[in-house]
2 protein chains.
Amino acid sequence: MKLAEQSYRDLGMKLTPQRLAILNYLDGNTLHPSADDVFRSVRRRHPTMSFATVYNTLETLKQRGRLIELTGDPDKKRFDPNTTPHHHLICTGCRRIVDIMADIPVTSAAAGFAGFRVLGHHIEFTGLCPACQKKK
Amino acid sequence: MKLAEQSYRDLGMKLTPQRLAILNYLDGNTLHPSADDVFRSVRRRHPTMSFATVYNTLETLKQRGRLIELTGDPDKKRFDPNTTPHHHLICTGCRRIVDIMADIPVTSAAAGFAGFRVLGHHIEFTGLCPACQKKK
DNA sequence: TTTCTTGCAAAGATTTTGCAATTGC
DNA sequence: GCAATTGCAAAATCTTTGCAAGAAA
């Protein structure tokens with residue numbers, strides 16, 4: 001399977017070893033890694049990889065809808081290669097983020113609020129993961 | 001009305017002019033200001049105010065449940081003095097955040113997911129505010 | 001060849017911290 | 001007076017940017 005390779009072609013982005021490594025690391029990854037997580041992982045096989053390349057690539061992929069930038073972690077941006085609409089469960093103890101693929105109906109009571117054009121919504125459940133429940 | 005003053009007493013925090021100014025600025029403010037917004041506003045009447053005081057105060061107030069830290073703005077932390085459960089509408093163009101006080105039922109299908117103890121949830125609606133709709 | 005991408009280093013922005021001086025209680 | 005708080009400056013993070021060199025198409 002050459003999902004990553006195909007993605008770059010489809011998105012009209014040049015195919016580079018660094019970019020391939022980035023998407024190969026992200027695809028199927030449900031840990032919602034930060035840019036630094038991506039950098040540190042990918043650098044193992046690509047020692048010359050720079051932050052700039054990671055940030056540039058993530059930014060471009062985001063703009064083209066190939067991944068989502070999450071805001072649930074107050075300390076840094078996290079990235080989600082899963083672009084299917086879904087929600088998240090965030091551990092306030094360790095910042096772990098878990099996908100919730102369940103379809104949760106939300107009455108669009110907010111549509112049109114304040115003249116906004118509502119384009120999407122995302123539910124953030126907060127709580128404590130099993131490990132952090134024990135620590136407390 | 002001395003809401004701010006009373007708050008600090010109730011929370012067991014010492015009452016200082018800086019702290020009073022911070023809560024007085026926040027209470028009733030629906031702009032969801034950042035720490036820097038707070039700093040710049042409060043400094044007008046308290047020229048010696050420092051970042052440290054703003055950050056310390058916001059952090060303590062947050063820990064004691066007197067305000068909420070929002071993560072919806074990817075660039076910085078924003079603060080909400082409204083601790084009544086509610087949701088937000090975020091303009092992806094200008095980062096404006098609007099309160100949605102409507103009670104939106106969410107089937108707690110996620111309760112117990114992955115062994116988490118779910119403590120709360122928050123819906124982020126995204127879209128474009130009236131001004132940003134015109135710009136595009 | 002032409003255009004885009006990479007890597008490096010420096011800069012920007014936000015947030016945190018150490019500590020002496022000051023203030024609230 | 002004691003303990004908590006302030007202010008200043010420096011540092012720690014995270015993220016972005018300019019630009020020359022290099023690689024993709």
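Chain A is the first sequence line, chain B the second, and so forth, proteins listed ahead of strands; every chain is numbered from 1.
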* With under 30° as parallel and over 60° as perpendicular, where do the rings of B:F125 and A:H121 fit, or are they tilted in between? -> tilted

* **Listed nucleotide nearest any side-chain atom of B:N56, set D:dC8, D:dT15, C:dT17** =>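 Nucleotide nearest to B:N56's side chain: C:dT17.
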
* **N/O donor-acceptor pair, side chain A:K14 with base C:dT3, under 3.5 angstrom** => yes

Backbone N/O of [Y] and side chain of [X]: donor-acceptor pair under 3.5 Å:
{"X": "B:R78", "Y": "B:G72", "value": "no"}
{"X": "A:T71", "Y": "B:P74", "value": "no"}
{"X": "B:E69", "Y": "B:L58", "value": "no"}

Between atom [atom1] in [X] and atom [atom2] in [N], what is the gap in whole Å?
{"X": "B:L15", "N": "D:dT6", "atom1": "CG", "atom2": "C1'", "value": "14 Å"}
{"X": "B:L58", "N": "C:dT15", "atom1": "CG", "atom2": "P", "value": "10 Å"}
{"X": "B:L20", "N": "C:dT23", "atom1": "CG", "atom2": "P", "value": "16 Å"}
{"X": "B:F39", "N": "D:dG7", "atom1": "CZ", "atom2": "P", "value": "9 Å"}
{"X": "B:R78", "N": "C:dT15", "atom1": "CZ", "atom2": "P", "value": "11 Å"}
{"X": "B:H46", "N": "C:dT23", "atom1": "NE2", "atom2": "P", "value": "14 Å"}
{"X": "A:Y55", "N": "C:dA11", "atom1": "OH", "atom2": "C1'", "value": "14 Å"}
{"X": "A:Y8", "N": "D:dA25", "atom1": "OH", "atom2": "C1'", "value": "17 Å"}

* Asked: How is B:E59 classified with respect to the nucleic acid when contacts are heavy atoms under 4.0 Å: base, sugar-phosphate, or nothing?
  ->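 Contact class for B:E59: none.
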
* Contact class for A:D75 (heavy atom, under 4.0 Å): base, sugar-phosphate, or nothing? ->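 Sugar-phosphate contact only - A:D75 comes under 4.0 Å of backbone atoms but never of a base.
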
Has [X] got a side-chain N or O lying under 4.0 Å from the OP1 or OP2 atom of [N]?
{"X": "B:T16", "N": "C:dG24", "result": "no"}
{"X": "B:K77", "N": "C:dA13", "result": "no"}
{"X": "B:R19", "N": "D:dT6", "result": "yes"}
{"X": "B:T48", "N": "D:dG7", "result": "yes"}
{"X": "A:Q18", "N": "C:dG7", "result": "yes"}

* **Criterion side chain to side chain donor-acceptor pair (under 3.5 Å) against B:R66, the qualifying member of B:D27, B:T83, B:T60** => B:D27

* By nearest nucleotide on DNA chain D, pick out whichever of B:P47 and A:K76 is the more 5' one. =>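 In this pair, the answer is B:P47.
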
* Structure fact -> Residue pair B:A35/A:T53 against DNA chain C: nearer the 5' end by closest nucleotide is A:T53

